[in-house]
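What follows is a single structure, written as structure tokens, with notes after it.
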Amino acid sequence: MAPNSTDTSLRPVVTRFAPSPTGFMHIGGVRTALFAYLYAKRHRGTFILRIEDTDKEREVPGSIAHIQESLAWLGITPDFGPDTPGPWGSNIQSERLSIYKRYAEELIAKGLAYPDPYTAAEVEAFRAQATAEKRPFLIRNHRPATFEVWDGTKPLRLKVPEVKRYTWHDVVRGELTAGEEALDDVVLIKADGYPTYNFAHIVDDHEMGVTHIMRADEFISSLPKFLSIYDALGLPYPEFVTMPPILRDDRSKKLGKRDGAKDILDYRTEGYLPEAMMNFLALTGWNPGTEQELFTHDELVAAFDATKIQRAGAVVNEDKLLWMNKYHLGKKDEAFKHEYVKNALPEALRSLPTCTEEILTALTPVVLERIHTKVEISDAAREGEYDFAFITPEYDTALLQWKKDPSVLEALPRLKRVFEILSAANVDFSNAEALKELLMPYAEEVGKGEVLWPLRVALSGRAQSPDPFTIMTIIGGGETLKRLSNACGKIQGDAS
RNA sequence: GGCCCCAUCGUCUAGCGGCUAGGACACAGGAUUCUCAUUCCUGUAACCGGAGUUCGAUUCUCCGUGGGGUCACCA
């Protein structure tokens, strides 16, 4: 452990997720939020959502609400956030400028911060020269001999307190280290008066009592700069928990918005359940140390161990996400499933007078058995897969012919017989088992395929469909007999 | 280019000196089944390379290779 590190094990855990409001959140950002949340909840601690809006150029209106909605959808509930200030005040950085200024002035008083005497063009010239000479650019090599008084119009820079090799501890990566090249006189307060990320996040994390910082591995190389700021301010280090990257499918680089990374809320639109998303995200870059793969929210909270976070980058396994969604869909109650299926059906089907709540209830399990997401329901519906439930089918009579039969005419007496059996019996058409008991003796006598194939096609109008008994429970007795009668009529019509 | 991080089946991963290298998704085959789907069973498939340490390396060390990140008045 680094010399300046404090033992945070006795303090209540406080974590935060600190996005900048520059648009939507993709799967990578959400996972960072999830891990910070799970860790806090696992230790009965506090989870803060802090908005880092110190770059007014990049800010996208509406982002804060969008971020909040994304987290709310997943069931990640911050204890403090943009709408719920803490004892430390606002959780929006643009509303905390006086606090950063106070810390900045403290550094100036210590002689550890100074206004940048150079114009942007001059700094750029230094940089260009360094690049041309193929050596790293360090502004600290151009540090003025004496510091001007800071009037707030120039960027305020840190005077690195001690140029040295830093070694620090990371919960995931263990001991990390970086040379002096990683240290520089970074900007603390920009010329526009806003603090930089480098400075603001350190001040805020301290003010808010943050004990563990979860963030992406792209920040590893900046850690020495951060540590030098902690040192300059005389602040203890928190625990660092570095997240592995989520990579593009081709592993060429980190997943980013430019590479078509989806808004997490797009998954909601496609019919993914938040339970499935959370479960899947948790297992991308983390494992419980057991072979359990299916988790509820509470199980994840109970199982989460930050030391099991992965070091290597991961690619999103979309197929597994689909599989998980099907699983979690199966766990939902009947009312939810009913609405889920109903909402996924195209308007063309939903507006039919036959699209009753009773039929939908009977159809729902049949649909859910065959799909992973809402979009698959819509696609299948457009292909006509569920038409049998609502519409008396139209089809070519040739489809009624069982593969072993020489002619479709063979099916005629069998369908008639089935019609007779169903008409004569006083069977409950909502009971698939009863229907099966009633018809199977005849089917087994003649041959299952010989009877069931034409029966099923007569009812569904399709070569592939649920079994005939299930279809009968969905469409009811009247419609069943009507379709059988139709089929018989068509065969006879074709024959004459 | 400097600095830093990473490396087990196609993908997500287990492994923390000795295992027939395990699980999941996907894929293939089979069973159930009139068809589709579900369910169940089985199978194909991985330790980046080279040295070193050791009786013994997927595991520890070093050197490569490959990939990624970072060098902003962005976060």
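The structure displayed is predicted, hence computed values, not measured ones. Sequence lines set the chain letters: A, B, ... in the order given, protein chains first and strands last, and positions in each chain run from 1.
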Note to self: Strictly under 4.0 angstrom, non-hydrogen atoms only: write out the protein contact profile of nucleotides 66-75 of chain B, one letter per nucleotide from the 5' end, B, S or -.
What the structure shows: -SSBS-SBBB
Check: Once each nucleotide of nucleotides 25-35 of chain B is scored for protein heavy atoms under 4.0 Å, what B/S/- sequence comes out, 5' to 3'?
Finding: BS-------BB
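B:G1 is paired with B:C71 under the Watson-Crick or G-U wobble criterion, all donor-acceptor distances under 3.5 Å. The partner of B:A21 cannot be assigned: no Watson-Crick or G-U wobble pair with both contacts below 3.5 Å exists in any strand. Both distances falling under 3.5 Å, in either a Watson-Crick or a G-U wobble arrangement, place B:G49 opposite B:C63. If you check B:U39 for Watson-Crick or wobble pairing at under 3.5 angstrom, you find it paired to B:A31.
Across all strands shown, A:Arg414 has no heavy atoms under 4.0 Å from either base or sugar-phosphate atoms. Note on A:Gln310: only backbone sugar-phosphate atoms sit closer than 4.0 angstrom, heavy atoms only; bases stay farther off. Residue A:Leu176 is in sugar-phosphate contact alone, with no base atom involved, counting any heavy-atom pair closer than 4.0 Å across all strands shown. Backbone-only engagement by A:Thr177 is indicated by non-hydrogen atom pairs under 4.0 Å involving sugar-phosphate atoms exclusively. Within the 4.0 angstrom heavy-atom criterion, only backbone atoms of the sugar-phosphate kind lie near A:Gly285; the bases stay farther away.
Look at A:Asn287 and you won't find any side-chain N or O under 4.0 angstrom from OP1 or OP2 of B:U13. Distances shown here put every side-chain N or O of A:Lys308 at or beyond 4.0 Å from the OP1 or OP2 atom of B:C16.
Residues satisfying the salt bridge (charged side-chain N to carboxylate O under 4.0 Å, His left out) criterion with A:Asp405, sequence neighbours excluded, are A:Arg414. Every residue was checked against the ring-ring contact (aromatic ring centres under 6.0 Å, His included) condition with A:Tyr100, not counting sequence neighbours, and none meets it. Listed by chain and number, the residues in a ring-ring contact (aromatic ring centres under 6.0 Å, His included) with A:Tyr395 amount to none (sequence neighbours excluded).
Going from the C1' atom of B:A72 to that of B:A26 covers 43 Å, rounded to whole Å. Spacing of P atoms, B:G52 relative to B:G10, comes out at 29 Å, to the nearest Å. B:A45 and B:C40: their C1' atoms are spaced 22 Å apart (whole Å). When the C1' atom is used for both B:G15 and B:A21, the distance is 8 Å, rounded to whole Å. Separating the P atom of B:U38 from that of B:U65 is a span of 48 Å, rounded to the nearest Å. When the C1' atom is compared between B:C9 and B:G43, the two are found 14 Å apart, to the nearest whole Å. Spacing of C1' atoms, B:U54 relative to B:U59, comes out at 13 Å, to the nearest Å.
Between A:Leu283 and A:Glu291, it is A:Leu283 whose nearest contact on RNA chain B lies nearer the 5' terminus.
Counting only distance, with no hydrogens or angles, the side chain of A:Thr167 and the backbone of A:Thr177 share no donor-acceptor pair below 3.5 Å.
In this structure, A:Phe226 has its ring center no closer than 6.0 Å to that of A:Tyr237. Between A:Tyr197 and A:Phe219, a ring centre-to-centre spacing shorter than 6.0 Å is recorded. Taking the ring centroids of A:Phe24 and A:His66, they lie at or beyond the 6.0 Å cut-off.
Between the side chain of A:Arg370 and the base of B:C36 there is at least one donor-acceptor pair of N/O atoms closer than 3.5 Å.
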Tabulate below the donor-acceptor pairs under 3.5 Å that side-chain atoms of residues 372-382 of chain A make, not counting sequence neighbours, or state none.
{"residue": "A:His372", "atom": "ND1", "partner": "A:Glu376", "partner atom": "OE1", "Å": "3.2"}
{"residue": "A:His372", "atom": "ND1", "partner": "A:Glu376", "partner atom": "OE2", "Å": "3.3"}
{"residue": "A:Glu376", "atom": "OE1", "partner": "A:His372", "partner atom": "N", "Å": "2.7"}
{"residue": "A:Ser378", "atom": "OG", "partner": "A:Ala344", "partner atom": "O", "Å": "2.8"}
{"residue": "A:Ser378", "atom": "OG", "partner": "A:Lys374", "partner atom": "O", "Å": "3.3"}

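Considering A:Pro21, A:Pro19, A:Ser20 as possible partners of A:Ser63, the one that fulfils the side-chain contact (heavy atoms from CB on, under 4.5 Å) test is A:Pro21.
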Next item on the list: Given side chain to side chain contact (heavy atoms under 4.5 Å, CB included), test A:Phe240 with A:Ile220 step by step and report yes or no.
Entry: CA-CA 10 Å; A:Phe240 302 107; A:Ile220 290 180; over 6 Å; no
